[in-house]
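First the proteins, then the strands, lettered A, B, ... as listed; each starts at 1. Values below: all heavy atoms of this structure, side chains included; hydrogens, waters and symmetry mates excluded.
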Protein chains: 2
Amino acid sequence: MRKRNLTINDIAKALNISKSTVSRAIRNKHDINPLTKKRILEYADEHDFHPDIVAQSLRSRSTKTIGVIVPAYHIPFYSNAICGIQDFAMKMGYNVMICHSNEQYEIEIKNVDALLAANVEGIIISVARDTEKNEHIRKLKRLGIPLVLFNRVIEDFKAAKVVVNDYYGAKNMINYLINTGCKNIAHISGPNNILLSNNRKAGYFDALTEAGLLINEDIVLEADFTMESGINTTQKLLEKNEKIDAIFAVCDAVAFGVIKVLKQNRIKIPEEISVAGFTNEPMAELVEPSLTTVKQPIYEIGETASKLLFAQINDPDLPPELCVLDTTIEVRESTRQ
Amino acid sequence: MRKRNLTINDIAKALNISKSTVSRAIRNKHDINPLTKKRILEYADEHDFHPDIVAQSLRSRSTKTIGVIVPAYHIPFYSNAICGIQDFAMKMGYNVMICHSNEQYEIEIKNVDALLAANVEGIIISVARDTEKNEHIRKLKRLGIPLVLFNRVIEDFKAAKVVVNDYYGAKNMINYLINTGCKNIAHISGPNNILLSNNRKAGYFDALTEAGLLINEDIVLEADFTMESGINTTQKLLEKNEKIDAIFAVCDAVAFGVIKVLKQNRIKIPEEISVAGFTNEPMAELVEPSLTTVKQPIYEIGETASKLLFAQINDPDLPPELCVLDTTIEVRESTRQ
DNA sequence: ATTTTTATCGGGAACGTTCCCGAAATCAGT
DNA sequence: ACTGATTTCGGGAACGTTCCCGATAAAAAT
C-alpha cells in the first residue's frame with residue numbers, strides 16, 4: 001500500500017484554484033499566468049510534490065518502461081550489455097525491466113508474458129539456448145510491440161537485430177592463427193540452432209579453405225556456451241589423438257574450459273597448442289595464460305539495441321534494421337606470436 | 001502509446017452485463033452466479049483479456065514493484081545477488097527495478113529518486129564506495145519505505161540488513177594461513193568508510209593477536225575494491241621490502257591484482273607468498289593459481305535481502321532485522337598446504 | 001400470504017492525472 | 001462604446017480498475 005502522497009487536487013484546494021491549472025503549471029504549459037504558475041510551483045516545491053507516475057501512465061497510456069530478456073543475468077557479456085541498454089534508456093527517460101530465462105524456453109515464454117502484463121513499450125531480447133520455436137516472439141510482432149533481437153538472433157525472422165560480424169571475426173582470428181604458423185586448427189562450436197555458432201563456424205571453414213588448408217571434420221566438435229561443456233569437449237578432442245596445434249572456441253567461457261584441460265594434461269599453451277576465444281570477457285585477461293580472443297564491443301551492442309528500440313518506439317512503421325558491429329582481435333598470451 | 005487492449009467494459013458491453021460483474025468474475029470473487037462467471041471467463045479467455053496492470057496499480061495504490069540499487073551491475077557478486085533478489089520477488093508476484101550508482105554518491109541519490117518516482121514499494125540497496133553521507137537513505141526511512149541494506153551497509157543506522165560474518169570470515173582465513181605456517185601476513189583492506197572493510201580488518205588483527213603474532217602496521221595498506229587498486233597497492237607493499245609470506249586481500253578483485261603483480265615479480269605463489277581473497281567470485285577458480293578465498297553465499301544473500309524486504313512490506317511495523325550469513329573457507333592453490 | 005433472508009447484479013464514486021471545451025475577463029482595434 | 005481577439009482559468013469527462021452500497025428477484029421463514 002503506497003503512502004498517500006500530495007496530489008494536484010491537494011494543491012488546488014490549498015491554493016483555491018482548479019486542478020487543471022495546477023496540472024498546467026506543473027507541466028509547464030502555456031495558458032497560464034506566470035504569477036499563478038510561480039505560486040503553484042513554489043507550493044509544490046515546498047511540499048515536495050511529485051506527480052503520480054501511475055496515474056500519468058494510465059491517462060497517457062504510456063508506461064515509459066521497456067523490457068529486456070537475457071538467457072542469464074550473471075554472464076558478464078549480458079550484464080555489460082544490459083548496462084548499455086539501461087544507460088541509453090535512462091537518457092530517454094525510460095525504466096528498464098529485466099528478466100532472465102535461465103537458458104530455458106518455457107521461462108522465456110513466461111518472461112514475455114510478464115513483460116506484456118507490465119505493459120512495456122518495447123522489448124529487447126537475446127534468446128535462450130533451448131529456444132527452437134519462436135511463436136512467443138512472433139506474438140510480440142503481431143501485437144505490434146517494438147522489438148530488438150541481439151547477440152543470439154533468429155535467422156528467418158524480420159525484426160531489428162544487433163549482432164557482431166561473427167563470420168569475419170572468426171575468419172580474422174583463424175587467419176591470425178594461420179599466420180602464426182598453426183596448420184591444424186580445431187574448432188569447438190556452439191549449438192547449431194543458434195545463428196552465431198554457425199556464422200563463426202563458417203568463418204572458420206572459409207578461412208581454412210582460402211588458405212589452402214585441409215578441413216578435418218574430426219576436429220570440429222560442438223559444445224554449448226559453458227565452461228563445463230568446454231572441458232568435456234576438449235577431453236573428447238584430445239582422446240581422438242589427432243594432430244592439433246590450435247583450438248578456436250566459440251566463446252571465451254568454452255575457451256577457459258579448453259585452457260583448463262590442456263593445462264591438466266601438461267600441454268603447453270601456446271607452444272604446443274594455441275587457444276583463442278570469442279567475446280573478450282573480463283576474465284580473458286586474468287586467466288593463465290591470458291586469452292587471445294575476438295573482442296566484441298559489448299557495451300555498444302547493448303547501447304545500439306536500445307537505440308534501435310527507441311527508434312521503433314518513436315516511429316512504429318520503421319523498417320527493421322540489421323546492425324552489425326565490428327570486432328577486433330585482442331592478442332594475448334594464449335596464442336603463439 | 002500502448003495499443004488499445006480489451007477492457008472489462010468491452011466484455012461488459014459484449015455480454016450485456018455490468019463491468020462490476022465482469023470484475024468480480026475475473027478476480028474470482030463471490031457474489032456471482034457460477035454460470036455468468038463461466039460465460040465471462042470463457043469470453044475473456046477467448047479474446048485474450050488481461051487486466052490493465054496500470055489501472056490496477058492506480059486503484060489499489062500498489063505497484064507490485066520493488067527497487068534495487070547496487071554500485072555496479074557487472075560485478076559478479078552483484079549480478080548474482082540480484083538473481084537471488086529477483087527470483088524471490090517474482091515468487092511474490094513482484095517486479096524488480098534495478099539501478100546502478102556506478103560507485104558514485106550523486107548517482108545513488110538520483111537512483112533513489114527514480115525509484116521513488118516509480119512508486120516502488122520497497123528498496124534493497126548496497127551503498128556506493130563514495131557514499132559517506134546517507135541523507136538519501138534516511139529520507140527513505142522517513143517516508144516509511146521498506147528498506148533493506150546488504151553487503152555494504154551503514155553502521156549506525158537502524159534498518160534491516162543482510163551481511164556475512166565478515167569478522168569471523170577474515171579471522172578464520174587468517175587462522176588458516178597461520179596454520180599453514182605463515183607468520184608475516186600482510187593485509188590489503190578496503191576503504192575504511194565501508195563497514196565490511198573494518199570488520200574484515202578487525203578479524204585480521206584479532207586473529208594475529210590471539211595467535212601471539214606481532215602486528216606490523218606497515219604491511220596493512222588500504223585499497224578500494226578494484227583489481228587496479230590491488231595492483232597499485234601490492235606494488236607499494238613490495239617496495240617496502242618487508243618480510244611477507246602471505247597477503248590477505250579484502251576481496252577477490254583485489255586479490256587478482258595481488259596475484260598479477262606477484263607473478264610479474266616472479267614471486268612464487270604460494271611457495272613464497274600465499275594469497276587469499278574474500279567473496280569467491282566465479283573468476284577465483286580460473287585464475288592461476290586458483291584463489292583460496294572466503295566463500296560467501298552470494299545468491300542467498302540476495303534471496304535473504306528479498307525475504308526481509310517482503311517481511312517489511314507485509315508488516316510495516318516489523319522491527320529491523322540484522323541477518324548475518326555464514327562464510328566458509330574455500331581452499332585452492334594460492335595458499336600453501 | 002407476508003415478511004425476512006440470500007444470491008446476484010448494476011450504478012456510481014474513487015484512484016491521480018490529462019485534455020477538451022467553454023466561460024470570464026482583459027485587451028486591442030474600430 | 002461596441003466588436004473581436006487574447007489570456008487565463010474551471011468544469012467535467014476520460015484512462016481501466018475496484019469497491020461500496022443499494023436494487024431486484026428468488027428462496028426461505030414466519
Under 4.0 Å between a side-chain N/O of B:T36 and OP1 or OP2 of C:dC9, yes or no?
yes
For residues A:I123 and A:V120, report the shortest heavy-atom separation together with the two atoms involved.
CG1-CG2, 3.7 Å
A cation-pi test, strictly: NZ or CZ of B:K91 under 6.0 Å from the centre of the six-membered ring of B:F310 and no more than 45 degrees from its axis. Yes or no?
no
Can you name the atoms? Protein N/O to nucleotides 24-28 of chain C N/O, anything below 3.5 Å, with the distance.
none

Return each pair, listed once, that meets side-chain hydrogen bond (donor to acceptor under 3.5 Å, both in side chains) where at least one residue sits in residues 297-313 of chain B; pairs must be two or more places apart or across chains.
B:D87-B:Y299
Using modelled atom types only, decide if a donor and an acceptor are shared between the side chain of B:N33 and the backbone of B:L35 within a distance under 3.5 Å.
yes
Residue pair A:V112 / A:L116, side-chain heavy-atom distance below 4.5 Å:
yes
DNA chain C base-pair string [pairs: Watson-Crick or G-U under 3.5 Å; |: paired with another strand]:
.|||||||||||||||||||||||||.|||
Mind listing the side-chain donor-acceptor pairs of residues 66-79 of chain B below 3.5 Å, one per line with the distance, residues two or more places apart or on another chain?
| residue | atom | partner | partner atom | Å |
| --- | --- | --- | --- | --- |
| B:Y73 | OH | A:Y73 | OH | 3.2 |
| B:Y78 | OH | B:S126 | OG | 3.1 |
| B:Y78 | OH | B:N151 | ND2 | 3.0 |
| B:S79 | OG | B:I75 | O | 3.4 |
| B:S79 | OG | B:P76 | O | 3.3 |

A:E46 meets the salt bridge (charged side-chain N to carboxylate O under 4.0 Å, His left out) criterion, sequence neighbours left out, with none
Can you give one letter per nucleotide of nucleotides 17-23 of chain C, going 5' to 3': B for a protein heavy atom under 4.0 Å from the base, S for sugar-phosphate only, - for none?
BBB----
Rounding to a whole Å, what distance do you find between A:K38:NZ and D:dT8:C1'?
18 Å
B:I11 side chain near B:L6 side chain, heavy-atom distance below 4.5 Å
yes
Is there a donor-acceptor pair under 3.5 Å between the side chain of B:N134 and the backbone N or O of B:I137?
no
